[in-house]
Novice: 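Starting off with a structure, shown below.
One-based numbering, in listed order, for ligands and for the atoms of each.
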Amino acid sequence: MIRIAIQSKGRLNEQSLELLKDAGVIVDSLKRQFLGRAEGFPLEVLYLRDDDIPEVVADGSADIGIVGLNEVAEKNADVEVLRQLGFGRCRLSLAVPKNAGYEGIQWFEGKHIATSYPNVLNAFLAKQGISATVRTIMGSVEIAPAAGIADGIFDIVSSGGTLISNGLVEVERVMESEAVLIAGRSLSDEKQALLRSLLFRIDAVSESRDKKYILMNIPTDKVDEAIRILPAMRSPTVMPLAAKGWSSLHSVVKEKELWDKVERLKALGAEGILVLHLDKVIE
Ligand code: ATP
Ligand code: MG
């Protein structure tokens, strides 16, 4: 049995459960308690506040966990970061009121900065040689300047909308974050074997998430050029069509390259292009 700590509610909860589900580990979220037993894998789920996850994994109360890299950095927990999971993307940034006349990091010298991430901030300020007063506030950090509590803030930013609506501008990006899978450093052999098998499944899910299966009809004399646009896992599949002079070409593409490639394939004469969802990719 292996025990995973995930966020009990909040921004990472749903996608953590979905990743487990896609990996064949089903957790009944309706019956969610403090500790739940999964179906489909010998795994227990411990539901916690995200702040507690790094330490609980470091001290062995849970074997592995899913949490933002920002929390791992802030808690400075002795855990291994095994995988970046591609969701919960955000950054930790310094922001100041938009009319503050900010010209560079020196602006912060002698200032007060409000944050829920004092450790990450202090490490950054020390590296930059800036001495400022760090005020730890556990929530609504973005209102601190308007409330006269601080001159600037250091907080999570994703779209930047919260900053704008509070009259702030992002001035320094300090750390990029996303959800990560972490593990304790002294797992038993049995737990390590379970972890390997869970990682195998998670990798298959992650591989499939940014890829699409693509198939199309293409004039046979254009197949070589099309293959240069579409290198597949090993090599694309090419099959003759009943119609003479035409072939069917199947491959896998990265989602972010999809539209560019589709345009180039259309220019080559490809027709009937189908793009399909991939459920798992096992390489
Ligand atoms: P908890 O009650 O578990 O302590 P929380 O309020 O501290 O929850 P959430 O707001 O649910 O935390 O955010 C959890 C994590 O989601 C953050 O630590 C961060 O890694 C990530 N995240 C991604 N985008 C955002 C965002 N726009 N705002 C806040 N967190 C984000
Ligand atoms: Mg929290």
Side-chain angles (χ1 to χ4, degrees), residues 3-22 27 29 32-36 44-59 61-62 64-96 113-124 134-146 150 152-183 202 206 209-210:
R3 184 184 283 183
I4 187 168
I6 66 169
Q7 196 188 19
S8 56
K9 53 184 166 49
R11 289 175 195 269
L12 302 180
N13 167 266
E14 223 169 89
Q15 281 166 292
S16 303
L17 288 171
E18 196 175 295
L19 175 66
L20 290 175
K21 180 169 146 258
D22 290 350
V27 183
S29 55
R32 188 195 314 161
Q33 307 133 348
F34 179 60
L35 189 63
E44 272 178 342
V45 185
L46 190 58
Y47 296 98
L48 296 175
R49 291 202 55 179
D50 70 341
D51 318 52
D52 296 328
I53 294 174
E55 283 147 335
V56 156
V57 172
D59 75 14
S61 308
I64 56 178
I66 296 177
V67 67
L69 189 61
N70 52 317
E71 288 295 336
V72 178
E74 176 60 24
K75 296 296 181 312
N76 206 2
D78 185 23
V79 295
E80 199 175 341
V81 175
L82 296 177
R83 293 289 186 278
Q84 302 194 317
L85 299 174
F87 59 88
R89 285 211 173 91
C90 58
R91 52 195 187 267
L92 286 176
S93 293
L94 281 160
V96 302
I113 311 171
T115 187
S116 309
Y117 296 90
N119 292 330
V120 176
L121 177 56
N122 277 318
F124 175 75
V134 173
R135 294 217 156 132
T136 305
I137 313 183
M138 292 327 270
S140 306
V141 169
E142 65 283 354
I143 62 159
I153 66 164
F154 177 64
D155 202 9
I156 287 179
V157 181
S158 57
S159 68
T162 310
L163 293 183
I164 293 168
S165 56
N166 284 283
L168 301 170
V169 282
E170 182 178 10
V171 291
E172 306 286 338
R173 294 182 176 202
V174 173
M175 183 188 157
E176 298 290 327
S177 179
E178 66 185 275
V180 291
L181 182 74
I182 56 173
I202 287 177
S206 302
R209 283 195 171 167
D210 60 346

Novice: Does the shortest distance from the Mg ion (ligand 2) to an N/O/S atom of Asp50 fall below 2.8 Å?
Specialist: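 Asp50 does place an N, O or S atom closer than 2.8 Å to the Mg ion (ligand 2).
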Novice: Provide the number and element of each atom of ligand 1 under 4.0 Å from a heavy atom of Gly68.
Specialist: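 So the atoms of ligand 1 that pass are 20 (O).
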Novice: Could you identify the single nearest non-hydrogen protein atom to atom 23 (C) of ligand 1 and state the distance to 0.1 Å?
Specialist: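 Protein heavy atom with the smallest distance to atom 23 (C) of ligand 1: Gly88 O, 3.4 Å.
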Novice: Against heavy atoms of Gly10, which atoms of ligand 1 measure under 4.0 Å?
Specialist: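 In order of numbering, the contacting atoms are 11 (O).
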Novice: Would Leu94 and Leu121 satisfy side chain to side chain contact (heavy atoms under 4.5 Å, CB included), going step by step from the backbone distance to the final call?
Specialist: CA-CA 9 Å; Leu94 281 160; Leu121 177 56; 4.0 Å; yes
Novice: Would you mind listing which atoms of ligand 1 come within a distance below 4.0 Å of any non-hydrogen atom of Ile156?
Specialist: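 Near Ile156, meaning under 4.0 Å from one of its heavy atoms, ligand 1 has 17 (C), 18 (O), 19 (C), 25 (C), 26 (C), 28 (N), 29 (C), 30 (N), 31 (C).
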Novice: Non-hydrogen atoms of Arg89 versus ligand 1: any pair closer than 4.0 Å?
Specialist: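 Yes; Arg89 lies near enough to ligand 1 that a heavy-atom distance drops under 4.0 Å.
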Novice: Measuring only between side-chain heavy atoms, which start at C-beta, is Thr162 closer than 4.5 Å to Leu168?
Specialist: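 They are not in contact (no side-chain heavy atoms under 4.5 Å apart), so the answer is no.
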Novice: Is the closest side-chain donor-acceptor distance between Glu170 and Ser93 under 3.5 Å?
Specialist: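 Glu170 vs Ser93: donor-acceptor pair found between side chains.
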Novice: Can you tell me the protein heavy atom closest to atom 31 (C) of ligand 1 and the distance?
Specialist: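 Residue, atom and distance for the closest contact: Arg11 CD, 3.3 Å.
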Novice: Any side-chain heavy atom of Leu48 within less than 4.5 Å of one from Val67?
Specialist: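 When only atoms from C-beta onward are counted, Val67 and Leu48 do not touch, as no gap falls below 4.5 Å.
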Novice: Counting only N and O atoms by type, is there a donor-acceptor contact under 3.5 Å from the side chain of Glu80 to the main-chain atoms of Ala183?
Specialist: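 A pair under 3.5 Å: no.
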Novice: Indicate yes or no: at least one non-hydrogen side-chain atom of Val169 is less than 4.5 angstrom from one of Val171.
Specialist: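 Answer yes - side chains close enough.
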Novice: Quick one: which of Leu12, Asn70, Asn13 has a heavy atom closest to atom 18 (O) of ligand 1?
Specialist: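 Of the listed residues, Asn70 has the closest heavy atom.
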Novice: Is the closest side-chain heavy-atom distance between Leu92 and Ser177 below 4.5 Å?
Specialist: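 Side chain of Leu92 against side chain of Ser177, heavy atoms only: no contact under 4.5 Å found.
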Novice: Please find the N/O/S atom of Asp51 nearest to the Mg ion (ligand 2) and write down its name.
Specialist: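 The atom in question is OD1.
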Novice: Which residue holds the protein heavy atom closest to atom 27 (N) of ligand 1, what is that atom called, and what is the gap in Å?
Specialist: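 So the nearest neighbour among protein heavy atoms is Ser158 OG, 2.6 Å.
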Novice: Is at least one protein non-hydrogen atom found at under 4.0 angstrom from atom 8 (O) of ligand 1?
Specialist: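 There is a protein heavy atom less than 4.0 Å from atom 8 (O) of ligand 1.
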Novice: Atom 2 (O) of ligand 1: which protein heavy atom is closest, and how many Å away?
Specialist: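 Going atom by atom, the protein heavy atom closest to atom 2 (O) of ligand 1 ends up being Arg49 NE, 3.3 Å.
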Novice: Any heavy-atom pair between the side chains of Ile153 and Leu163 that's under 4.5 Å?
Specialist: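 They are in contact (side-chain heavy atoms under 4.5 Å apart), so the answer is yes.
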Novice: Could you walk me through whether Gln7 and Asn13 pass the side-chain hydrogen bond (donor to acceptor under 3.5 Å, both in side chains) test, one step at a time?
Specialist: CA-CA 5 Å; Gln7 196 188 19; Asn13 167 266; over 6 Å; no
Novice: Return the residue, atom name and 0.1 Å-rounded distance of the protein heavy atom closest to atom 14 (C) of ligand 1.
Specialist: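 Here the closest protein heavy atom is Asp50 OD2, 3.4 Å.
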